Each structure stands twice: as C-alpha cells, then as structure tokens.
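Positions are given from 1 along the sequence. Predicted model, so just to flag it, every value in this text is computed and none were measured.
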Amino acid sequence: MGFSSLVLLIDFLTKWYFESHFFPGEVQPVTRFFNLVLAHNRGAAFSFLAEHDGWQLYFFSFIAVVAAMICVYFIGKYSTQRLFCLALSLIMSGAIGNLIDRLLYGYVIDFLDFYIAHWHWPAFNVADIAIVCGAGLLILESFLKEKSQSTR
C-alpha cells in the first residue's frame with residue numbers, strides 16, 4: 001500500500017505543478033524529441049472518445065473504480081506473489097490517479113510529450129506510466145511463471 005501511495009503522490013504533485021505553472025496548450029521544449037506541455041484529455045489513452053459529449057467521463061470513471069477494486073482483491077488474494085502484486089499496485093495507482101483527475105476536473109492532466117520530427121506521441125502522465133509499467137510487469141510475470149512451471 002505504501003508503494004501505491006508513493007506513486008499516487010508523485011502523480012498528484014506532477015499534475016498539480018503543470019496545472020498551476022502552465023496554461024493549456026503551453027509547450028516548453030526540453031530536447032529535440034521531448035517537450036513539457038499541459039494537455040487536458042477528456043478521453044482515454046490516445047484521447048480515445050475525447051470528442052464525445054461527456055458520457056465518457058462516467059464510463060472511464062466506472063472502469064477505473066472496477067479496475068482498482070479488482071486489483072485490491074487480487075493483491076489480497078495473492079499477497080505472497082511479489083512481482084504480481086507490484087504490477088497490480090502500479091495499475092491500481094495509475095487508475096486511481098487518473099480517476100482523481102476525472103472527478104476533480106472532468107479531464108486527465110497530461111504533460112509529457114515525446115515526438116519525432118512532426119509526429120507526436122499522445123501526451124501522457126505519471127499515472128499512465130504506472131499503468132503501462134504494471135501491464136508490462138504482468139506480462140513478464142506470466143512468462144516467468146510459465147518458465148518455472150515448465151522446468152518442474
């Protein structure tokens with residue numbers, strides 16, 4: 001629970017910083033492939049469904065609540081499986097971090113912008129990083145589990 005709280009705190013503080021020090025759409029170049037930018041995302045990943053009339057706020061909030069509850073359940077059930085629980089903690093933290101944004105502002109605060117030439121990856125945040133890392137660890141854990149079962 002402490003690790004999840006740390007991820008949530010970092011996510012909250014970074015979003016607070018960008019929301020209070022940037023104006024929407026402001027871009028601060030850092031390198032030839034990376035900008036800091038304040039973006040408000042009303043959709044999901046890659047701004048999926050962002051252009052709809054507001055129902056997506058409730059839909060994505062519901063999904064985040066259900067995902068967090070499932071993570072809590074499985075963390076409790078498989079508490080001895082450290083990598084699995086770490087992965088679920090990251091996913092849960094990311095889901096809750098973005099849920100907090102949706103409930104407070106009606107959108108998710110994104111601020112990391114990577115690009116090549118004129119092609120920009122959609123802006124993202126610490127919560128998104130946590131979700132992706134958690135999903136990656138779940139995949140890794142499944143391969144490690146499969147390998148250990150096949151060597152028995």
Side-chain angles (χ1 to χ4, degrees), residues 1-51 54 56-116 119-145:
M1 207 56 162
F3 182 71
S4 295
S5 299
L6 178 62
V7 172
L8 273 170
L9 179 64
I10 293 168
D11 181 61
F12 177 80
L13 290 174
T14 55
K15 289 173 178 176
W16 169 83
Y17 176 83
F18 285 95
E19 190 70 10
S20 60
H21 291 85
F22 281 58
F23 57 86
E26 179 179 353
V27 176
Q28 181 178 342
V30 177
T31 68
R32 295 184 323 167
F33 60 88
F34 174 63
N35 295 326
L36 298 173
V37 60
L38 178 59
H40 295 160
N41 181 0
R42 296 186 185 283
F46 307 105
S47 296
F48 177 65
L49 299 177
E51 298 305 317
Q56 71 274 23
L57 169 72
Y58 305 104
F59 177 70
F60 293 129
S61 295
F62 174 76
I63 289 173
V65 169
V66 170
M69 290 170 45
I70 290 169
C71 288
V72 168
Y73 171 78
F74 282 113
I75 288 169
K77 185 171 181 173
Y78 298 102
S79 61
T80 59
Q81 296 181 24
R82 301 186 85 178
L83 185 58
F84 181 70
C85 290
L86 174 62
L88 292 179
S89 293
L90 285 165
I91 292 169
M92 179 181 66
S93 300
I96 292 171
N98 284 339
L99 173 64
I100 290 169
D101 282 5
R102 288 184 202 288
L103 296 177
L104 289 178
Y105 310 113
Y107 53 80
V108 173
I109 300 165
D110 291 327
F111 52 86
L112 300 170
D113 173 34
F114 285 89
Y115 62 95
I116 298 173
W119 183 84
H120 289 254
W121 187 259
F124 58 96
N125 59 46
V126 172
D128 298 333
I129 294 169
I131 292 168
V132 169
C133 288
L137 286 176
L138 280 179
I139 293 167
L140 174 64
E141 192 267 345
S142 73
F143 283 120
L144 294 174
K145 189 175 186 178

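- Every residue two or more places apart in sequence or in another chain that forms a ring-ring contact (aromatic ring centres under 6.0 Å, His included) with Tyr105 is listed here: Tyr107.
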For residues 25-33, which side-chain N or O atoms pair as donor and acceptor with protein atoms under 3.5 Å away, sequence neighbours left out?
residue: Glu26; atom: OE1; partner: Phe23; partner atom: N; Å: 3.0
residue: Thr31; atom: OG1; partner: Phe33; partner atom: N; Å: 3.1
residue: Thr31; atom: OG1; partner: Phe34; partner atom: N; Å: 3.0

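- Under the rule for a side chain to side chain contact (heavy atoms under 4.5 Å, CB included), the partners of Leu104 that lie at least two apart in sequence or sit in another chain are Ile100.
- With sequence neighbours left out, Asp113 forms a side chain to side chain donor-acceptor pair (under 3.5 Å) with Asn35, His120.
- Considering all non-hydrogen atoms of both residues, Asp110 and Ala123 come closest at OD2-O, 3.4 Å.
- Atom CD1 of Ile91 and atom CG of Leu86 lie 10.0 Å apart (nearest 0.5 Å).
- Residues Gly97 and Leu8 come closest through the heavy atom pair N-CD2, 3.5 Å.
- In this structure, Phe62 places its CZ atom where only 12 or fewer heavy-atom neighbours from other residues, nucleotides or ligands lie under 6.0 Å away.
- Annotation: side chain of Ile63 is in contact with side chain of Phe59 (closest heavy-atom distance under 4.5 Å).
- Among residues two or more places apart in sequence or in another chain, the side chain to side chain contact (heavy atoms under 4.5 Å, CB included) test is passed with Ala67 by none.
- Residues Leu112 and Ile129 are in side-chain contact: their nearest non-hydrogen atoms beyond the backbone lie under 4.5 Å apart.
- Considering CD1 of Ile96 and OG of Ser5, their distance stands at 9.0 Å, rounded to 0.5 Å.
- Residues that satisfy the side chain to side chain donor-acceptor pair (under 3.5 Å) test with Asp11, not counting sequence neighbours, are Lys15.
- Phe12 meets the ring-ring contact (aromatic ring centres under 6.0 Å, His included) test with no other residue; sequence neighbours excluded.
- Taking the side chain to side chain contact (heavy atoms under 4.5 Å, CB included) definition, one finds that Leu88 meets it with Cys71, Phe74, Ile75, Phe84, Leu138, sequence neighbours left out.
- Taking Phe22 as the reference, Phe18 meet the ring-ring contact (aromatic ring centres under 6.0 Å, His included) condition, with sequence neighbours excluded.
- The shortest heavy-atom contact between Ser93 and Val7 is CB-CG1, 3.6 Å.
- Separating the CG atom in Leu137 from the SG atom in Cys85 is a distance of 12.0 Å, to the nearest 0.5 Å.
- At least one side-chain heavy atom of Val126 sits under 4.5 Å from a side-chain heavy atom of Phe111.
- Among residues at least two apart or in separate chains, there is no side-chain hydrogen bond (donor to acceptor under 3.5 Å, both in side chains) pair with a member in residues 72-87.
- Trp16 approaches Ser20 most closely through the heavy-atom pair O-OG, 2.8 Å.
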* Asked: After noting the C-alpha distance and the side-chain angles of Asn98 and Asn125, does the key distance pass the side-chain hydrogen bond (donor to acceptor under 3.5 Å, both in side chains) rule?
  -> CA-CA 9 Å; Asn98 284 339; Asn125 59 46; 3.2 Å; yes
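- Taking every heavy atom of both residues into account, Asn41 and Arg102 meet most closely at O-NH1, 4.4 Å.
- Applying the side chain to side chain contact (heavy atoms under 4.5 Å, CB included) rule to Ile139 yields the partners Phe143; only residues at least two apart in sequence or on another chain are considered.
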